[in-house]
2 protein chains.
Amino acid sequence: MKQVTIYDIASEAGVSVATVSRVLNNTAPVKASTRSKIMKLIKQHQFQPNALARSLLKKETGTIGVIVPDITNPFFPEVFSGIDHEARGKGFTFFLCNTHGEYERESQYLHILREKQVDGIIFMGGRINLTKCTPELVEEVAETAARIPLVLVNGNLPGTELHRVATDEGKGAAMATQYLIEQGHRDIAYIAGMSTTTTSAQKLRAFKRVMNQNNLDVPKERVLYGDFTMEAGERLMDEILRAPERPTAVLCVNDFTAVGAIKTAIKAGLSIPNDMTIVGFDDIPLASSIFPELTTVKQQMDQLGSQAFQVLHKLIMKEKVKRLTVIEPELVVRESSRELTP
Amino acid sequence: MKQVTIYDIASEAGVSVATVSRVLNNTAPVKASTRSKIMKLIKQHQFQPNALARSLLKKETGTIGVIVPDITNPFFPEVFSGIDHEARGKGFTFFLCNTHGEYERESQYLHILREKQVDGIIFMGGRINLTKCTPELVEEVAETAARIPLVLVNGNLPGTELHRVATDEGKGAAMATQYLIEQGHRDIAYIAGMSTTTTSAQKLRAFKRVMNQNNLDVPKERVLYGDFTMEAGERLMDEILRAPERPTAVLCVNDFTAVGAIKTAIKAGLSIPNDMTIVGFDDIPLASSIFPELTTVKQQMDQLGSQAFQVLHKLIMKEKVKRLTVIEPELVVRESSRELTP
DNA sequence: AGCACGAATGAAACCGTTTTAATTCCAGGT
DNA sequence: ACCTGGAATTAAAACGGTTTCATTCGTGCT
C-alpha cells in the first residue's frame, strides 16, 4: 500500500505541488475554488504529509529527547508529566530514553537523538549526578549541547556551562534538619545514598551544617550509607535499631529509603511516629500512600519538568535564558514525624 | 553551525557520496585505503548521517510510538520498561504519548505518529478499555492499524480484528475469589471501577461467577463502584464500614483502591489482616511497599510489555503472528490477607 | 486598446541520504 | 600488446515535501 504523496494530490487536482503545499500550510493565498477542490481530495485520500520530508527541509522536527535513568522510578514519570503538560499545545513529541544510568546507554542515546535531529534534549539523573563524572560523558554531553539545545535536570557536569534546572536539595535537607531540631530532636541519624552522588553529598553537607549551627554533634555512626533503595532503608534501619542507643529521629536521603526504614521499624515493634520520627525526601506519590503517611521534603517534580521545558523551549527559540533555574523544596509535614516531648 | 553532510566528507576525500555511503553502511566493498581516508574524515568532522534523510528513502524510521493514558500511573512505566527491555539491541527508539485518556489526544497522537512515519504503535489503556468505545476512535485506530503495525495492550476495540496482548483479568479475579473462599471467607465485598470499563466489568463478572459456583450470594450492596483511585478506595471502605454488617474480606479492582481501603480501615481502628482481609489487583510496586504488604493478583507488566513488543516486531517484519496473546495472572499472597478462623 | 499591478499558480532547486545502472580501473590470461 | 572480468567507483534518480523566483491571469485605469 503505497503512501499517498503531495504529487498524487496535485496531479489529480490538476495543479502543481506548490499549490497543494500552500493550502496545507496556508502560507500564501489560494483561490477558494481550487482550495476546496484540493481539500476534498486530501480528505478523500486521507493524505497526510510526510513529516520526515518536511523536517529534512525545514530543519526542525518538533521532537525532543528525554533521557532518564529509570522510568520505573516514580520520580521521573512525575517530571515527564510536568514536561508534557508544559509542552502541550506547542506541538512537541517526546522520545523517552531509558538508560539504567549506564554510561554506554546514555552515550548511545545522545548519538541517536542527534541523528534523529531532535530539536532539544532534556537530560536527567544517572551519570549526571555523580560528584566525579566520567570525562567521556562530560565531553559527549558538552559536545551535544554545542549543537543542540540541552538542559540538565537535577544534575551537573563539572567544568561545563550547561543550562540546568534543579531543586535546591541542600536547602531542602537544611529545612528538614531545622524542623527536626525545632521539634526537639537532638539525636538524629541520617541515611544517605552513595557518597559518590551529588544528591547525597549535598544533603549530608547541609544536614551537618545545620546540626553544627545548633551546637549538635554528628557522630560517625549516625551517618549510614545506602543506595537509595527501599531495601537499603530496611537494612540500615535494622542497623540503627541494633545500636545501643537509638536516635529519636531519622532523616533519609529519599522517600524509598524512608519507607524501607519505616517498614523495619514497624516490624521491630516500634510505633511511628511515637517511638521514632522518620522523614523522607522527594514526596513521590508513595509518600502519601503509606501508613503512616510520610513527612518529607517535596521536590516539585512537575515544576522541575515544566521549567526544564520552558528553558529548553527558549533555547530552541534562541531567546535569552539564564543558566541555572532553581526549584524551591517544600517541607511537607504528615504523620511520620512528631514533636519530641521529654 | 551548519550540519556536516555526506557531501562535505565526499568532496574532501575526493570521492563520490556513494562511496562514503558504502563505508558508512558497509554495503559494498571499498578499497582499504579510501575506506580509512574516509573514516578519518568522519571522525575528524564528527560526521553523523541525518536519520531523516535516510528514513525518508528507506521507509523505516526505527521509531515506535507508545500511547498511554497516564505515565504517572505506575502500571505504565512497568509495561514501558518491559517493552524497552525487549527492544533493547534491536535499535528502536520510542515516542511516549501521554493522553490522559482523552479521545482528542489519542486521536491527535495517532495522527502525529503516522506523520512521523513510526514503524509501529503500541496502544494501551484509555478509551481502548471501555465497554462502549466511541465509534470515531474505533475507526481511527482501525484505519491506522491498516497502515501501520499496531498492537493493543489490555484493551479491545469491538468490531475490529486488531492484534492484542492482554492479561486474563477475568481469570485473575476468579483466582482471587477462589482463594478468598478457600480461606473461609463467605461475605466478600467487591470494590469495582467504573462499570463502563472492561477491566472492571470482566473482573466483576468473574467474581460473581465464582461466588455463585460456590453457592454464595452477591447482594447488591456488596458491590461498590469507584474510579480506580486511592480516594475511591478510602471513600468506599468508609461506606463499607458504616454498614450494619461488615464483610470479612474485600476484593479490589486494583491496588490503588486496595491501598485506599486499607488506609481507612486502619484509620478506623481495624487491624489488617486480623479484622479484615483486603486483596488488590495488579501488583504495582506500591503493593509491596506499604505496611501491611498487599496480597494481590499480579499482572506481569513486564511480560505485557515485552510480549507486546515481540508481537509488534513480528508485525513489522511481516512475520505471521497470532491475534491474541494472553498473559497469565498470578496470585501473590502477602500480608493483607489471612485465613478466616471462626 | 494598452498598460500596470496584485493575486494565483507553476517550475525547479533544495534538504541529505541510499541505491541502481553505468563506468572506470586493474590484474591476469592469452 | 590486447582482451576479459571482477572490483571499485561514479553519476544520477529517488524519497516527499517547502520555498524562491518567475510566470500567468484577471481587473481597473488611462
Side-chain angles (χ1 to χ4, degrees), chain A residues 1-39 41-42 45-63 111-112 114-119 147-148, chain B residues 1-39 41-42 45-63 111-112 114-119 147-148:
Chain A
M1 172 157 4
K2 212 182 146 301
Q3 181 176 188
V4 182
T5 76
I6 198 173
Y7 281 94
D8 303 331
I9 301 295
S11 74
E12 193 165 339
V15 300
S16 80
V17 293
T19 309
V20 178
S21 176
R22 281 181 191 117
V23 349
L24 242 32
N25 312 303
N26 50 3
T27 169
V30 171
K31 197 163 48 162
S33 65
T34 66
R35 147 169 269 117
S36 68
K37 178 168 38 165
I38 290 172
M39 291 291 253
L41 286 170
I42 288 178
H45 290 74
Q46 299 182 171
F47 166 69
Q48 283 194 278
N50 182 325
L52 298 176
R54 190 212 311 280
S55 296
L56 181 56
L57 192 51
K58 307 244 291 191
K59 294 177 172 324
E60 61 180 48
T61 52
T63 296
H111 192 87
I112 293 176
R114 277 184 321 235
E115 282 197 347
K116 292 201 189 286
Q117 315 290 123
V118 295
D119 292 340
R147 308 185 167 283
I148 305 176
Chain B
M1 175 153 5
K2 210 181 147 300
Q3 182 175 188
V4 182
T5 75
I6 198 172
Y7 279 96
D8 303 330
I9 302 293
S11 72
E12 193 166 337
V15 300
S16 81
V17 294
T19 309
V20 178
S21 175
R22 279 182 194 117
V23 349
L24 242 34
N25 313 303
N26 51 3
T27 170
V30 172
K31 197 161 49 158
S33 65
T34 66
R35 148 167 269 117
S36 67
K37 179 168 36 168
I38 290 171
M39 291 291 252
L41 287 169
I42 288 177
H45 291 76
Q46 301 181 173
F47 166 69
Q48 283 194 278
N50 182 324
L52 297 176
R54 189 212 310 282
S55 295
L56 179 57
L57 193 50
K58 307 245 292 192
K59 294 176 172 326
E60 61 181 46
T61 52
T63 297
H111 193 86
I112 292 177
R114 276 184 321 234
E115 281 197 349
K116 293 202 190 284
Q117 315 290 125
V118 296
D119 292 341
R147 310 186 165 282
I148 305 176

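Below, chain A is the first sequence line, B the second, and so on; all start at residue 1.
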Next on the checklist: Rounding to an integer number of Å, can you tell me how far A/Arg35 CZ sits from C/dT9 C1'?
Outcome noted: 14 Å
Checklist outcome for this item: Heavy-atom contacts, protein to nucleotides 13-20 of chain C, under 4.0 Å, summarised as B (base), S (sugar-phosphate only) or - (none) per nt, yield -BBBBBBB
Item to check | Side chain A/Ser55, main chain A/Leu52, donor-acceptor under 3.5 Å | outcome: no
Next on the checklist: How many whole angstroms separate atom NZ of B/Lys31 from atom P of D/dT10?
Outcome noted: 10 Å
Next on the checklist: Can you list everything that forms a side chain to side chain donor-acceptor pair (under 3.5 Å) with B/Gln48? Sequence neighbours excluded, please.
Outcome noted: A/His111, A/Arg114
Next on the checklist: Under 4.0 Å, counting only non-hydrogen atoms across every strand here, what does B/Ser55 touch: a base, just sugar-phosphate, or nothing?
Outcome noted: nothing
Next on the checklist: Any heavy-atom pair between the side chains of B/Asn25 and B/Arg54 that's under 4.5 Å?
Outcome noted: yes
Item to check | B/Thr61 backbone acceptor or donor facing B/Lys116 side chain under 3.5 Å | outcome: no
Next on the checklist: What is the distance, to the nearest angstrom, from the CG atom on B/Asn26 to the C1' atom on D/dA7?
Outcome noted: 16 Å
Checklist entry - A/Ile9 has an atom CD1; how far is it from atom P of D/dT18, in whole Å? => result 13 Å
Item to check | Check: A/Val23 and A/Thr34 side chains under 4.5 Å, non-hydrogen atoms | outcome: no
Checklist entry - What is the minimum heavy-atom distance between A/Leu56 and B/Ala53, and which atoms define it? => result CD1-CB, 3.9 Å
